[in-house]
Every structure is written in structure tokens, then in C-alpha cells.
Amino acid sequence: MSAAAEPIRIGVAGLGRAFTLMLPTFLADARVRLVAACDPRAEARARFTADFDAPAFEDIAALAAHPEVEAVYVATPHQFHAAHTLAAAAAGKHVLLEKPMALTLAECDLMIGACRAAGVRLIVGHCHSFDAPYLHTRALLRSGDFGRVRMIQALNYTDFLYRPRRPEELQTSAGGGVVFSQAAHQVDVVRLLAGSPVERVRAVTGAWDPERDTEGAYAMLMWFRDGVFASLSYNGYGHFDSDEWTGWIGEMGAAKNPADHGGARRRLAQAGSAAQEARLKNAGTYGGPSYQPPQPAAAALHQHFGPVIVSCDRADLRPVPDGVWIHGDAQKRHEALPPPAVPRSEVIDELHAALRAGTDPLHDGPWARSTLAVCLALLRSSKEQRDVAIEPRICRVCSFAAHRRRPQGAQQAAHPTNPAPLKATWRSTRDL
Ligand SMILES: NC(=O)c1ccc[n+]([C@@H]2O[C@H](COP(=O)([O-])OP(=O)(O)OC[C@H]3O[C@@H](n4cnc5c(N)ncnc54)[C@H](O)[C@@H]3O)[C@@H](O)[C@H]2O)c1
């Protein structure tokens, strides 16, 4: 087999819920192969070794050093994303990193710098902006057939706050709440469709359950440089479920049972303490006693992140799990997408293109950093009750702005004079 045709050899850091959701992809996509893992949970390590006949280590250092590993899939809790990316890069391994990229922009800069210096790729995903209906909508928008993008509406009502959580997932200062975990998806989708850098946001967050004292909801207005504006709402308090407006197709693309109303609260009631709740979360993930291996064809349609409407001069476009609705001046039509043969194969498309064909990924470090910048601005805008500007990154060497306008259809702007800037090279406009 030629080197280009060899499957990408992946080492998994963190065998929890995120890995459980990616496992159907890893099992079904022949372009990747799982060769090692690490996790402090002995039961998850034992299961991995049994399932894949491959080593499972207790920590990231051993995983990153393992010679079989070509790319590390970092699926550990948010607070480890920076350290685990740096460990992988230091060992010369590419990184596929779960959202959100990190907890601070300073961490993002370190991660981007370390991966560039090591000559390895950094791709941040899975994130719902990889979902085919959003990517197809973006291609339709870029065709110019509908005129300019003017306005975007994105909404999602879920039971996020009542799914079993680790204690830090309910502490904003540790990356908890819906802004770090869910705005990371919604902002990314809206940025992808707007096609222009975010300039300013105004937001308000809600945290009204004292038992789960972190953001459970937000509303945000976003303004983009090209004049597009967007309205984003998220509510994770588990009452209305906006999948009702998506034909009861859930986030993972599978049919959902409308009769399970209130199910998250009922299941959570089994846990009497924070420690029991964390155990309940682990129980259902890989290696846990109630873990269910992926079922074939469990996801019939494309994954999604709630209703989204993109208004252009001559049409409203609505990505949905089976394609895109186009509501034009005189007609409405549905542009169908074939159901996915492999769920989340778009993530492997991007990883494979980067590692085997040298293609620059869309969801690279600077892209994901910009999404985190918006999420942090969302929190700040709510706290300070004011508009918050999103600052471009400026190179200290040549004043190149990372958000500088680039031609329609061009890849992420490349740095013109300094292709591998190190950690201190970037500064924000506030330093100027
Ligand atoms: N893209 C998605 O759909 C999606 C879904 C869920 C979670 N996530 C992301 O994945 C990340 C993990 O969240 P989760 O819900 O899977 O959490 P989780 O608690 O279910 O899983 C985390 C796993 O990491 C392990 N772990 C903890 N510390 C570790 C360390 N130092 N080294 C190696 N492994 C370690 C834990 O034992 C656990 O198995 C988060 O950043 C979250 O945002 C993404």
C-alpha cells in the first residue's frame, strides 16, 4: 500500500463521552485506524485493549511517545486540551482536538505556535460546523446565486444542563456551562455560514437553576465585518426540545422518541451527589457498566445543531438533517443530500486531506481560536452589559492581521512573511 493510501494511525487521549460519539466514525471509516489510547480509567483501558488489541496507557506522555501513533485525538476534558496538544506536538504527532479549543486565548496561541513549530497539523473537531448540510449551505452561499448573506438566525433548545456531568462541567471558571460546550458549536456554524470575521457581539446569559449554577442559556447578537448580523439563542434547561422542529431528528442524526420528554431529569434523579453524578456519566461511556457499543446505521441522517436560517438577498436557506431548504422569491425547493454512509466522515475528510494530501484544513487552530474568542466575548458582554469587540490577531513581526480580508473562496489567510510564528509572535490589537 502506498504511504498516501495508508490509514491514519490514531492514538486516543480520553475514552469518555466524546470518544464514544466518535467511535462509530473510527470503526466505519477505513481511512483511520485506532492504534493506542490513554485514560486514567482502568475499565476504559481494559476495554480498549480488548476491542482493538492495542495498548492503552495511563497518561498522555506514554501515548504521545508511542511510535505507532501518527495523530492524537484529544478528547479529554477542556482543561487538558492545551497540555495534551502541547504533549502531542512535542512528540511530533498531529492533533485532532475536541471543541472547545481551550479555555483561554493565551492557551490557543501556545497550541498554534507549538504545532507550527513542530510541523504538525492541528484540526479542531468534531464540531457541528463539519456537518454536511452546513458545509453544503456554505457552498450554495458561495455560489453567489442568492446574493449576499444578510442575516442568520440559529436556535437550539436541549436538555444539556441535566445530562450527567463531571463537577467542573457545572463551573464556568473551569470551562463549564453551555457557552464553552455548546456555543462552541453554534458560533462555529454561524461563522462558517456568515463567511466574514466577527467584529462585535452583545450577549446575555441565563443561569437560573441554583442546583446547577452555571450558564444554562444565552442569547447573542453578532455583527460581522461584511455587514452580516446574526442572532443566536441556546437554552439547555430541558423543557422545550427544538428537535421537534427538525422532524424529531436528534443532534446525532438519529430519530428521537418524543415520548421521552423529561428523560434527562428522570435519569439524573438517580444521582444523589456530585460524585455519583460523575460516576453515572462514566457508567454510560466507553468501558462503563451501562455502555452500549455503537449500533450499525444508528444515525440515519446528518447530524445538526438546531434550526438555522440564513437570509440572503434572494432566498432564505435552511440546512436540515436531509439537505437544505431554499425558500426563494417565487418558489421553495429542497436540495437533498444522501444520508451519510459513515457518521462524521467530514472530520476524517479534513484530517485525511491535511495529513495525506497536504491540504490546509478549514478547522485549524486560528479558526478555532476565533470561535473561542467569540465565546469568551459572549461571557464578557453578559457580565459587563455592553458590546464587546472581537480583536484580530496581529503579528508582532510585520503587523499582519490574521483576520485580514481575503478573496472569496480562498483558504484561511496564510501569514505572508512568517509562516511558523512562535508563541510570542502574535499580539492582540489591545497591545498596539
Ligand atoms: N463534539 C462532540 O460532539 C462532543 C461531545 C461530548 C464531548 N465533547 C468534548 O470532549 C471533551 C471531553 O468531554 P466528555 O464529555 O467526553 O468528557 P468525559 O468525562 O465523558 O470523558 C473524558 C475522558 O477523559 C479521561 N481523562 C480525564 N483526564 C485525563 C487525562 N489527564 N489523560 C487522559 N484521559 C483523561 C476521563 O477518564 C474520561 O474517560 C470535552 O472537551 C467536550 O467538549 C465533544
Side-chain angles (χ1 to χ4, degrees), residues 11-26 36-48 56-64 66 72-88 95-103 107 111 123-131 156 158 160 163-170 174-189 236 250-254 274-275 277-288 290-291 299 302-306 343-344 346-347 363 368 371-372 375:
V12 181
L15 295 168
R17 168 110 183 117
F19 169 68
T20 303
L21 295 176
M22 275 302 287
L23 186 54
T25 313
F26 292 138
C38 74
D39 198 297
R41 288 187 301 126
E43 65 276 19
R45 294 199 303 275
R47 173 138 203 164
F48 186 87
F57 306 100
E58 279 182 46
D59 62 42
I60 184 78
L63 177 72
H66 188 58
V72 177
Y73 166 50
V74 177
T76 48
H78 308 347
Q79 63 269 30
F80 300 118
H81 286 187
H84 292 175
T85 297
L86 296 185
V95 180
L96 173 63
L97 169 67
E98 272 296 343
K99 48 55 56 178
M101 182 170 175
L103 296 178
E107 284 180 328
M111 296 155 83
I123 296 176
V124 182
H126 164 265
C127 179
H128 279 288
S129 62
F130 281 90
D131 298 347
N156 208 358
T158 74
F160 179 89
R163 299 173 198 159
R165 298 285 166 205
R166 285 176 269 108
E168 67 266 36
E169 291 184 280
L170 299 174
V178 299
V179 176
F180 283 104
S181 280
Q182 300 287 274
H185 286 297
Q186 203 178 37
V187 167
D188 224 57
V189 167
E251 179 181 351
M252 296 302 136
E277 183 175 338
R279 278 198 293 279
L280 183 64
K281 178 170 191 183
N282 281 341
T285 58
Y286 192 75
S290 51
Y291 167 72
H302 292 280
Q303 303 196 359
H304 71 89
F305 201 72
R344 296 187 174 182
E346 303 90 337
V347 176
H363 296 86
T371 290
L372 182 68
C375 294

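Bear in mind the structure is a predicted one, so any value in this text is a computation, not a measurement. Remember, it's 1-based here, ligands and their atoms both numbered in the order they're listed.
At least one N or O atom of H78, backbone or side chain, sits closer than 3.5 Å to an N or O atom of ligand 1.
Residue contacts with ligand 1, taken as heavy atom pairs separated by less than 4.0 Å, involve H126 via backbone and side-chain atoms alike. Contact annotation: for D39 versus ligand 1, heavy atoms closer than 4.0 Å belong to both the backbone and the side chain. Contact annotation for I60 and ligand 1: no heavy atom of the residue comes within less than 4.0 Å of the ligand. Counting heavy atoms under 4.0 Å from ligand 1, residue R344 touches it through the side chain alone. At a 4.0 Å heavy-atom cut-off, ligand 1 does not touch F180 at all.
Shown here for V72 and A13, the closest heavy-atom pair between the two residues is CG1-CB, 4.1 Å. Scanning both residues, P343 and Q303, for their nearest heavy atoms gives CB-NE2, 4.1 Å. Looking at every heavy atom in both residues, C375 comes nearest to V179 through O-CG1, 3.4 Å. Taking each heavy atom of K99 and S181 in turn, the nearest pair found is NZ-O, 3.0 Å. Listed here is the closest heavy atom pair of P77 and E168: CB-OE2, 4.3 Å.
Within the set A75, G175, P40, G14, the minimum heavy-atom distance to atom 35 (C) of ligand 1 is found for P40. In this comparison of A18, G16, G125, the heavy atom closest to atom 10 (O) of ligand 1 sits on A18. One option in E169, E168, R166 has a heavy atom closer to atom 13 (O) of ligand 1 than any other, and that option is R166. Across the listed options R165, E98, Q303, E98 owns the non-hydrogen atom lying nearest to atom 1 (N) of ligand 1. Closest to atom 43 (O) of ligand 1 by heavy atom, among K99, M252, E251, is K99.
Per-residue contacts place H81 under 4.0 angstrom from the following atoms of ligand 1 (heavy atoms of the residue considered): 41 (O). The distance from ligand 1 to the heavy atoms of H84 drops below 4.0 Å at these ligand atoms: 30 (C), 31 (N), 32 (N). Atoms of ligand 1 lying under 4.0 Å from at least one heavy atom of F80, given by number and element, are 28 (N). Interface atoms of ligand 1 facing R41, defined by a heavy-atom separation under 4.0 Å, are 37 (O), 38 (C), 39 (O). Atoms of ligand 1 lying under 4.0 Å from any heavy atom of P100, numbered from 1 in the order shown and given with element: 43 (O).
With 3.5 Å as the limit, one finds a donor-acceptor pair spanning the side chains of E251 and H128. Side-chain polar atoms of Y73 and E98 form a donor-acceptor pair below 3.5 angstrom.
Checking side-chain atoms of R45 against main-chain N and O of E58 turns up no donor-acceptor pair under 3.5 Å. Side-chain atoms of T76 do not come within 3.5 Å of backbone N or O of G14 as any donor-acceptor pair.
Using a 4.0 Å cutoff on heavy atoms, A278 does not count as a contact of ligand 1. The shortest heavy-atom distance from A44 to ligand 1 is not under 4.0 Å.
Geometrically, R344 does not engage F26 in a cation-pi contact defined by less than 6.0 Å to the ring centre and at most 45° from the axis.
Considering only non-hydrogen protein atoms, atom 33 (C) of ligand 1 sits nearest to T76 CG2, 3.5 Å.
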